[in-house]
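One structure is given here, and the rest of the page talks about it.
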Amino acid sequence: MKAGLEVHQQLAVGKLFCACPTELSEEVTDAFTRSLRAAGGESRAVDIAAAHQASRGLLYRYETGPCSCLVEMDEEPPHPLNENALDTALTFALLLGARPVDEIQVMRKIVVDGSNTTGFQRTALVAVNGVLEVAGKRYSVPTICLEEDAARKVRESPGEVTYRLDRLGIPLVEVATGPEIVSGAEARMVAEEIGALLRATRRVRRGIGTIREDVNVSTEGGHRVEVKGVQELRLIQEYVEREVARQKFLLEVREALVRRGAKVPEGPPRDVTDLFRSVTSGPFSGAGRGGQVVLALPLPGFAGLLRSPPGSEERLGRELADHARSTGLRGLVHSDELPAYGVSETAVSELRQRLSLAEPDAFVLVTDRSVERATLALDRVAERARAALIGVPGETRDPLPDGSTRFSRPLPGRDRMYPETDIPPIPITSSRLDRLRSSMPERPQELETRLSRSHGLPSELVRQLVYADLVVRFESLVQQGHPAGLVARLLIQDLPAVPVPDGGGPPFEPSDQLLGAVLAAIESGRIAKEGVPPVLEALAGGAPNVEAAIERAGLSGFSREDLLALVHRVVEANADLVRSRGEAAFSPLMGDVMREVRGRRDGREVSEALHAEIARLRAG
Ligand SMILES: [Zn+2]
């Protein structure tokens, strides 16, 4: 296999073509709707991906917030390109040794899924031919672009998609690598390195969703498939590995289909509504009433190949269903899963007879109140089934939270670009590049060395801070006077280990102030380092402040005096053991004391108190 990455990083320098802020807002002030259609590109040809999106005929609703403006609503031409955003993209390009273009020409890239009010996304090539080095291997970076982010999808209902304008127009640096990645693990490493380099500019937005990756995967004999919009870096490896497995599966299915002489018939689908009139439950229960039709597509030679083979999660039936769904249907039913859905064995044989199918033949059913939509769905299914006879179709897929992916649309071609005539070309002058070269930011490795030196931390720890995007937070907490070692442990070890709250609520994102209060509790001896995880968990579970969290975690009210009294009690109770075995009694007694203390006092403090008490008893 081989893979390439496209990384999209939001910048925190204001929007790209207006003066609006780049913060997201949950406040909705108004809404308006638009419809979009696919227009031809510069060569007048209509792009296949755009045509596919437009064919869904959806209505798009846009929610505006307190900061929305006419540029975002596409009621006013774009303002001049944000110079700070361009400087940041150029600086990043120089970090990769890329060659900036002589002149920036903003282009319009047709996107008609409603994510842009204009029906296109503005994008500009900034630099070419960069190089990235990760773990001794060089990866090419053919292009670095600056583009505008899309609107944020908030809801989807039948026939309508709702977006919010707050994210639309946030500048994105788009970094594309060459196809030199050869494993899922490598894809993740390259993505992490690009992320660290982007953050080195110190002008990026931070937090979930501010960096998104597209992963292009192709396999020998398969095809390039783009998994678009991965937000969780740790899942990149899984998406890559599962896409490789999916392509291998599809190639095996193809071989079986070809061996059997399978084919997909031309011509309109068959109306079999009358056979389902007596079905009383499931998706077909309304057949023949209120205009609901049932249409069938015979698939000669496909029987048994639509379901998952043993030990695999992939199935051709799901691929076909995804295509039916792309027309707005709920899905489809195929013969490998029947009888089921209220369809009896008898109904299945009647249906087979009607369609003149033999044993090795399969069929697909769809049902809908619109005969046009059901027909379109089966056309798409037939198209996808034909592609199965050839192998792996090139397509764009959506990443799902469980590490699998789902078809979203065909791969776009080159017909979707045309020049943005509202923005004049911007020459990149040598004086501009000289100015940027004279104030280059610290590279991740330089940052690592500096942090390691100035805080006396092990380099592996510092590396984790840099690559997990924790440096800003680390520096701010250390600046507040907290010890670097404690801060690093809290950020790298304790915070990521906080379990997701019950019911899958929002992730725990404590403020720096709250973390400072937790650190202060350790420093003052109110809790031990070992007590931090339960305290964080209590905070994640809704404890209003650190005091309450310590209380809720059962760690309150254990003072140094309480500890000394406990140690005294334990040593006295085991006086015979201490007298006979001396210092060797330390380990078992330490275990006894720690069981009582449980994160309420620091381990070192306990150990010192115990040693002192043992010595006192033996001396006496
Ligand atoms: Zn604006």
Side-chain angles (χ1 to χ4, degrees), residues 8 24-38 49-65 68 72-74 110-121 148-170 208-210 212-214 226-232 235 239 283 292 318-332 366-370 372-374 376-377 380-381 384 395-412 503-507:
H8 302 85
L24 302 185
S25 161
E26 295 307 320
E27 191 185 338
V28 176
T29 54
D30 204 353
F32 60 94
T33 58
R34 295 267 166 84
S35 298
L36 295 173
R37 63 187 170 83
H52 184 270
Q53 285 169 338
S55 72
R56 299 184 66 179
L58 296 170
L59 187 69
Y60 302 113
R61 179 174 298 278
Y62 298 96
E63 293 177 347
T64 59
S68 299
E72 291 150 23
M73 297 164 78
D74 192 32
I110 301 169
V111 178
V112 285
D113 61 2
S115 59
N116 293 68
T117 47
T118 50
F120 53 78
Q121 177 192 29
E148 55 182 359
D149 205 344
R152 178 160 66 108
K153 190 190 277 189
V154 286
R155 264 189 310 285
E156 225 169 327
S157 57
E160 190 175 294
V161 187
T162 302
Y163 290 95
R164 208 162 282 167
L165 290 186
D166 51 4
R167 202 181 71 180
L168 180 62
I170 293 181
I208 189 86
T210 57
R212 303 192 297 272
E213 335 262 339
D214 300 347
E226 182 173 1
V227 181
K228 204 171 176 62
V230 179
Q231 298 200 6
E232 296 227 41
L235 283 180
Y239 289 127
Q292 184 173 340
R318 179 180 164 192
E319 304 275 334
L320 300 184
D322 285 346
H323 283 254
R325 238 176 255 130
S326 75
T327 62
L329 257 63
R330 283 250 189 100
L332 54 73
V366 295
T367 181
D368 198 70
R369 279 171 187 269
S370 152
E372 288 80 21
R373 193 155 66 162
L376 177 64
R380 290 271 166 81
V381 172
R384 179 63 188 86
E395 62 195 26
T396 302
R397 299 182 68 82
D398 290 331
L400 302 180
D402 68 352
S404 66
T405 61
R406 186 166 60 200
F407 168 80
S408 69
R409 56 183 162 88
L411 278 180

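Residue numbers start at 1 and run along the sequence shown.
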Next on the checklist: Within the supplied structure, the quantity of interest is the number of heavy atoms (other residues, nucleotides, ligands) at a distance under 6.0 Å from Arg406 CZ; does it exceed 12?
Outcome noted: no
Any [X] side-chain heavy atom under 4.5 Å of [Y] side chain:
{"X": "Glu226", "Y": "Arg409", "value": "no"}
{"X": "Phe32", "Y": "Leu165", "value": "yes"}
{"X": "Asp113", "Y": "Val111", "value": "yes"}
{"X": "Pro399", "Y": "Glu213", "value": "no"}
{"X": "Glu160", "Y": "Leu58", "value": "no"}
{"X": "Glu63", "Y": "Arg152", "value": "no"}
{"X": "Ser115", "Y": "Tyr163", "value": "yes"}
{"X": "Thr327", "Y": "Arg380", "value": "yes"}

What's the separation between atom [atom1] in [X] and atom [atom2] in [Y], rounded to the nearest 0.5 Å?
{"X": "Asp74", "Y": "Tyr62", "atom1": "CG", "atom2": "OH", "result": "9.5 Å"}
{"X": "Asp402", "Y": "Thr405", "atom1": "CG", "atom2": "OG1", "result": "9.5 Å"}
{"X": "Asp322", "Y": "Arg397", "atom1": "CG", "atom2": "CZ", "result": "6.0 Å"}
{"X": "Leu332", "Y": "Arg325", "atom1": "CG", "atom2": "CZ", "result": "7.5 Å"}
{"X": "Ser35", "Y": "Tyr60", "atom1": "OG", "atom2": "OH", "result": "8.5 Å"}
{"X": "Arg373", "Y": "Asp368", "atom1": "CZ", "atom2": "CG", "result": "4.0 Å"}

Checklist entry - Judged by atom type as modelled, is there a donor-acceptor pair below 3.5 Å linking the side chain of Thr33 to the main-chain atoms of Arg61? => result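 No, the answer is negative, given that no donor and acceptor are paired below the 3.5 Å cut-off.
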Item to check | Backbone of Arg164 reached by a side-chain donor or acceptor of Arg167 within 3.5 Å | outcome: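 No, because the side chain of Arg167 does not come within donor-acceptor range (under 3.5 Å) of the backbone of Arg164.
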Item to check | Salt-bridge present (Asp149, Arg212; N to O < 4.0 Å) | outcome: yes
Checklist entry - Going through the checks in order, is the side chain to side chain contact (heavy atoms under 4.5 Å, CB included) test met by Ser404 and Arg318? => result CA-CA 12 Å; Ser404 66; Arg318 179 180 164 192; 4.0 Å; yes
Heavy-atom closest contact ([X] atom, [Y] atom, distance):
{"X": "Val161", "Y": "Glu156", "result": "CG2-CG, 3.8 Å"}
{"X": "Glu148", "Y": "Phe120", "result": "OE2-O, 4.1 Å"}
{"X": "Val381", "Y": "Ala324", "result": "CG2-CB, 3.9 Å"}
{"X": "Tyr239", "Y": "Val230", "result": "CE1-CG1, 3.6 Å"}
{"X": "Ala377", "Y": "Leu329", "result": "CB-CD2, 3.7 Å"}

Is it the case that the side chains of [Y] and [X] hold a donor-acceptor pair, with the cut-off being a distance below 3.5 Å and no angle test?
{"X": "Glu72", "Y": "Thr117", "answer": "no"}
{"X": "Thr118", "Y": "Asn116", "answer": "no"}
{"X": "Thr396", "Y": "Ser408", "answer": "no"}

